[in-house]
Amino acid sequence: MTLDTQARQPIDRSTCSALDAADPLAHFRERFVLPDGVVYLDGNSLGALPRATASHVARVVTEEWGQGLIRSWNDAGWFEKPLVLGDRIAPLIGGAPGEVTLGDSTSASLFQAVVAAARLRPGRRAIVAERGNFPTDLYVLESVQELLGGDAPLERRLIADDGPTLAEVLDEDVAVVVLTHVDYRTGRMHDLAEVTRQVHEAGAIVVWDLCHSVGAVPVELNAAGADFAVGCTYKYLNGGPGSPSFIWVAARHQAEARPALTGWHGHARPFAFELGYAPAEGIGRFRVGTPQLLALAGLEASLELWAEVDLEALREKSLRLTELFISLVDARLGAWDVEVVTPRQSARRGSQVSLRIGAADGYAVMQALIDGGVIGDFRAPDLVRFGFAPLYVSHADVCDAVDALEDVLASGRWREPRFARRGLVT
Ligand SMILES: *Cc1c(COP(=O)(O)O)cnc(C)c1O
């Protein structure tokens, strides 16, 4: 043991327990399966398993598939399932019924949305995105630039938190602006209403990526007058690994919007098996092919739970958790040159906190933490990331996580060679 560890006093637990005792959302924690001895702070990558999910999925498998067989397309409502569940996602993002459908990966949904958005602004030749965007968003844009560009690819203009700003790149040549509401690395949150207003002022269309927003912070798409949005359901919404992404299209755009992928489930009369494509009315045209019904079953179970959640209370708890974490980091980890990268101003913060650790290798620190049961993740090149899913993370978890982090740093345990080995997924 080093002198540091001997001198270390664990965090006083009374504050955390008092906050947990007063937490109006505390009861949701029992609705999730959480392994013993684990503090789970990675619900922003893969949400925890709701207790109700396993039996619901089993029922869909054994009854709807096993017994119902092909009849379940009608009898169990399989055909309409992406729209029915889409309507349950709508209130979580400030959308209306008939504005959301489900069924691909976020990457594919983003492709659908950006192509449809760009086609609403023919003649404009630039797309604006963010340097800090989740890479898949930028990769997808590359093919959109090529596909819609004609003789030469559409121009891509990148903004960043340290400039250029949106105002600097917006002009009458910009067709679409594609932004992630809450930055996956830093947790920085855009002002959705203000940015939407700015984009519209330039006559462009905005596509929001809500992967780190839905189920984490209240989102008000219609109040902001937004155009398109996409997002994951396996992060804060707890739909399970590989649960389908959603796409939201403002009702006012639906009649005119032409999806990139014109598949039979988006056809006006899919079972007429006509020769040509005719788009379905409304959001249904953004469906592509056969929905992933087993994956949707996992999501269906978690959305039952989400229907009970007060999103304002969710946000209040999220801010309490992240503020507590930041204040404990400030108070205890200064010796290791730990920088809080996430904005301290609550209006600019999602539900995660990312740290840069000057005096240690962040990747190895996270591996050592995971080894000790505190699960967060690492985002290259140097960010140690902690997600606070308000439905099942407690204030005691926050105290335990900071204690564990201080212990890993003070003991130097992160230096063990096994913690430097990189897995395929970080
Ligand atoms: C997680 C995430 C994705 C994931 O895309 P998939 O195609 O569902 O794998 C996309 N964008 C952002 C901003 C994300 O955080």
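For the single chain, residues carry numbers from 1 onward in sequence order. All of these numbers come straight from a predicted model, not from anything done at the bench. Remember, it's 1-based here, ligands and their atoms both numbered in the order they're listed.
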J.: For ligand 1, which of its N or O atoms have a protein N or O partner closer than 3.5 Å, and how long is each gap?
T.:
| unit_1 | atom_1 | unit_2 | atom_2 | d |
| --- | --- | --- | --- | --- |
| ligand 1 | 7 (O) | T106 | N | 3.3 |
| ligand 1 | 7 (O) | S107 | N | 2.9 |
| ligand 1 | 7 (O) | S107 | OG | 2.6 |
| ligand 1 | 8 (O) | T106 | N | 3.1 |
| ligand 1 | 8 (O) | T106 | OG1 | 2.8 |
| ligand 1 | 8 (O) | Y234 | OH | 3.0 |
| ligand 1 | 9 (O) | Y234 | OH | 3.4 |
| ligand 1 | 11 (N) | D137 | OD1 | 3.1 |
| ligand 1 | 11 (N) | D209 | OD2 | 2.9 |
| ligand 1 | 15 (O) | H212 | NE2 | 2.9 |
| ligand 1 | 15 (O) | K235 | NZ | 2.6 |

J.: Is D173 salt-bridged to R124, cutoff N-O under 4.0 Å?
T.: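 Here D173 does not pair with R124 in a salt bridge, since their nearest N and O are not under 4.0 Å apart.
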
J.: Under 4.0 Å between a Lys/Arg side-chain N and an Asp/Glu carboxylate O for R413 and D407?
T.: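 Salt bridge present between R413 and D407.
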
J.: Is any side-chain N of the basic residue among D191 and R348 closer than 4.0 Å to the acidic one's carboxylate O?
T.: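 Result for this pair is no, no salt bridge flagged.
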
J.: Of V384, V338, L355, which meets side-chain contact (heavy atoms from CB on, under 4.5 Å) against L405?
T.: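 The option that passes is L355.
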
J.: Identify whether the distance between the nearest side-chain nitrogen and carboxylate oxygen of D20 and K317 falls below 4.0 Å.
T.: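 Judged by the 4.0 Å cut-off on N to carboxylate O distance, D20 and K317 do not form a salt bridge.
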
J.: Would you tell me whether H253 and D227 have side-chain atoms, one donor and one acceptor, within less than 3.5 Å of each other?
T.: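 Yes, D227 and H253 have a side-chain donor paired with an acceptor closer than 3.5 Å.
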
